Amino acid sequence: MLIKSFVTKRKFSDLKDVFPRKLSRLSTLCSSSSTIPKSPCPPRDDVAVIAELIEKQHWSNLKLHVKDTNPNELFHQLISSKLDPELCLRYYIWLANNRNISLSLELTFNLLHSLANKRSDHPIHSIFHAISLCDNVCVNSILADMLVLAYANNSRFASALEAFKRAGYYAFKLSALSCKALMVALLNEKRFADVEFVYKEMVRRRIQPNVFTFNVVINSFCKIGKMEKAKDVMEDMKVYGTSPNVVSYNTLIDGYCKLGGIGKMYKADAVLKEMVESKVSPNLTTFNILIDGFWKDGNYSGSMKVFKEMLEQDVKPNVVTYNSLINGLCSGGKVSEATCMHDEMVSAGVEPNLVTHNSLINGFCKNGMMKEALDMFESLKGRGIVLTAKTYNILIDAYCKSGKVEDGFGLKEEMEREGIVANVETYNCLIGGLCRNGSMEAAKKLFDQLSGKALPDLVTYHILMDGYCSRGETRKAAMLLKEGISKMGLKPRHLTYNILMEGYCKEGNLKGAANVRMQMEKERRLRMNVASYNVLLQGYSQKGKMEDANRLLNEMLEKGLIPNRITYEIVKAEMVDKGFVPDIQGHLFNVSTKS
DNA sequence: TTAGGGTTAG
């Protein structure tokens with residue numbers, strides 16, 4: 001399919017059909033240097049001559065020079081001779097404008113791919129300027145669209161977004177396919193606000209979204225817990241005459257499952273009902289999401305109910321299903337049942353994978369069954385199964401948590417002998433072990449050794465800070481954080497400041513804790529969350545300052561924060577006074593308000 | 001094309 005056919009028809013509806021097939025194929029090929037079969041190259045000096053003519057814009061000379069050459073072939077040669085892609089673009093536009101020649105889609109894609117990969121100061125600006133020189137809006141739109149797609153598929157989300165914005169300024173119409181690719185790239189980078197921006201822009205620019213586009217937007221809202229907005233998008237779909245499909249519903253159900261708070265599974269279940277009412281059948285993924293959601297909500301019998309339901313509906317469980325069930329059992333301390341589930345999975349013909357084994361090893365470790373964990377570990381090695389750092393980290397952490405830090409180091413050496421690189425997580429486990437043993441000097445020494453492939457991350461800082469705090473050296477922890485921010489560009493989170501506040505509270509230094517709060521709210525513009533309030537409430541109540549604690553509790557409620565079980569345990573009398581009561585499962589309810 | 005599972009901080 002040639003660009004020319006789009007140009008003559010001027011029908012964008014055609015793009016919708018052609019782009020997905022053509023471009024997705026091309027974009028997978030675009031990582032290799034060229035998709036065009038090799039043809040004899042012109043002499044180097046000839047390319048140089050042509051390049052000079054383009055650069056100096058001696059178009060009439062150029063016209064004479066290339067009059068006997070096939071334009072597609074010549075263009076391919078220019079592109080593969082590593083000529084500046086912006087010169088190639090200039091030539092491309094000249095062909096389109098002055099000679100009415102449109103090059104093949106594949107060559108166009110190659111050009112845009114080179115442009116998208118070129119790193120210079122104002123590439124997108126200049127590319128759009130060059131594109132706009134051509135007065136055919138239809139061609140321009142296709143070029144802009146391919147550019148956005150090329151950037152997005154190359155994970156260059158910032159450039160893709162800029163190209164998307166510029167396309168808007170120039171009123172070039174983009175396809176839903178490229179917008180979806182852009183939103184996926186943004187989602188992968190956790191740029192949720194940008195996904196929303198692109199979605200709103202699509203509506204404004206009247207780009208007809210499809211079910212895939214909507215699903216990406218729904219996913220984006222679900223990932224940040226904005227469930228109301230996710231549901232609004234489901235409604236938008238209907239307005240556009242598109243019906244939510246099984247992926248839309250699964251995404252929404254998963255969003256509720258991962259939401260946290262009371263009644264989330266009830267809401268997930270409600271979506272399931274709505275899904276069935278809309279005649280969309282739940283599939284394997286739906287059941288897997290629910291099984292995982294229930295046990296993470298502490299409701300293993302809920303998981304089993306879903307499992308039975310899926311068997312009744314003749315949906316075959318896969319390795320993910322069994323892994324979730326095994327995890328649920330292990331986390332509830334039912335390790336022998338987890339082992340049975342493993343056997344059941346094998347007899348059902350589902351092959352356990354490394355996740356299954358890691359889950360079981362972790363289950364053994366967390367339930368004081370170190371021997372069983374090591375037996376399974378050895379049997380995996382004996383069967384020639386390739387282990388990863390994760391398996392080793394589980395065991396190293398178990399050793400460190402049981403005070404056997406030396407054995408942890410032994411295992412680290414073993415993994416390195418096996419050619420598996422110890423990563424930050426490995427070091428985090430070991431540093432944590434040393435801190436718990438009270439060997440702060442050794443912990444700091446190991447921390448200082450981190451460099452190159454295993455740089456300390458925020459977790460490493462948290463562990464070491466926690467170590468200092470629990471020894472009454474919160475000032476040292478604060479200094480460490482300060483250093484981390486300036487040297488490593490560390491981005492502290494709530495937990496970071498909560499560790500410091502807790503440290504000061506334990507030392508009885510409430511003023512120090514209050515200063516950390518100020519720092520948190522000022523420097524990072526982080527608002528106090530429930531965990532932060534819990535830390536301060538603990539500090540005040542331990543000092544017997546119940547009036548202050550009560551004031552803090554009121555402040556928290558005024559902000560609309562919902563106290564949790566920990567809050568209840570710290571300031572029970574005050575909470576009861578405000579009408580809070582826990583139910584049998586420990587969820588809090590406020591009997592004095594209707595909500 | 002879009003959705004689901006395991007370790008480390010708390």
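Chain identifiers are assigned alphabetically (A, B, ...) following the order of the sequence lines, protein sequences preceding nucleic acid strands; residue numbering begins at 1 within each chain. Computed from a predicted structure; not experimentally measured. As a basis for the values below, the full set of heavy atoms in this structure was taken, side chains included, without hydrogen atoms, waters or symmetry mates.
A/S178 places no side-chain N or O within donor-acceptor distance of the main-chain N or O of A/L174, the cut-off being under 3.5 Å. Not one N or O on the side chain of A/K264 forms a donor-acceptor pair closer than 3.5 Å with the backbone of A/Y256. A/N210 contributes a side-chain N or O that, together with a main-chain N or O of A/F212, makes up a donor-acceptor pair within less than 3.5 Å.
Listed pair A/N219 / B/dA3 meets the phosphate criterion, a side-chain N or O lying under 4.0 Å from OP1 or OP2. Put simply, A/K401 has a side-chain N or O that comes within less than 4.0 Å of OP1 or OP2 on B/dA9.
When rounded to the nearest whole Å, the span between CD of A/E425 and P of B/dA9 equals 11 Å. Rounded to whole Å, atom P of B/dT2 lies 14 Å from atom CD1 of A/I218. Per the geometry, CG belonging to A/N245 stands 7 Å off C1' belonging to B/dT2, to the nearest Å. In this structure, A/Y461 atom OH and B/dA9 atom P are separated by 18 Å, rounded to whole Å. At whole-Å resolution of the value, CG in A/L458 and P in B/dT8 are 16 Å apart. The interatomic distance linking A/L480 (CG) with B/dA9 (P) rounds to 17 Å, in whole Å. When rounded to the nearest whole Å, the span between CZ of A/R436 and C1' of B/dA9 equals 10 Å. Rounded to a whole Å, the CZ atom of A/F409 is 14 Å from the C1' atom of B/dT8.
Residue contacts for A/L360: at a heavy-atom cut-off of 4.0 Å it reaches no nucleic acid atom on any strand shown. Using a 4.0 Å heavy-atom distance criterion, A/T251 is classed as a sugar-phosphate-only contact. Using a 4.0 Å heavy-atom distance criterion, A/V424 is classed as making no nucleic acid contact. Among the atoms of the strands shown, none is found under 4.0 Å from any heavy atom of A/N498. A/N393 comes within 4.0 angstrom of a base, heavy atoms only. A/I289 comes within contact range of the sugar-phosphate backbone alone, with a heavy-atom separation under 4.0 Å but no base atom that close.
In this structure, of B/dA3, B/dA9, B/dT8, it is B/dT8 that holds the atom nearest to the side chain of A/C429. Distances from the side chain of A/K180 to the nucleotides B/dA9, B/dT1, B/dT8 place B/dT1 closest. Nearest to the side chain of A/D397, among B/dT2, B/dT8, B/dT1, sits B/dT8. Taking only side-chain atoms of A/F212, from C-beta outward, the nucleotide of B/dA3, B/dT2, B/dT8 with the closest atom is B/dT2. Checked against B/dA3, B/dA9, B/dT8, the side chain of A/T285 finds its nearest nucleotide in B/dA3.
Heavy atoms only, all atoms of each residue included: A/I207 and A/C179 are closest at CD1-SG, 4.0 Å. Across all their heavy atoms, A/L284 and A/P317 have their closest contact at CD1-CA, 4.1 Å.
Residues A/F214 and A/Y240 bring their aromatic ring centres within 6.0 Å.
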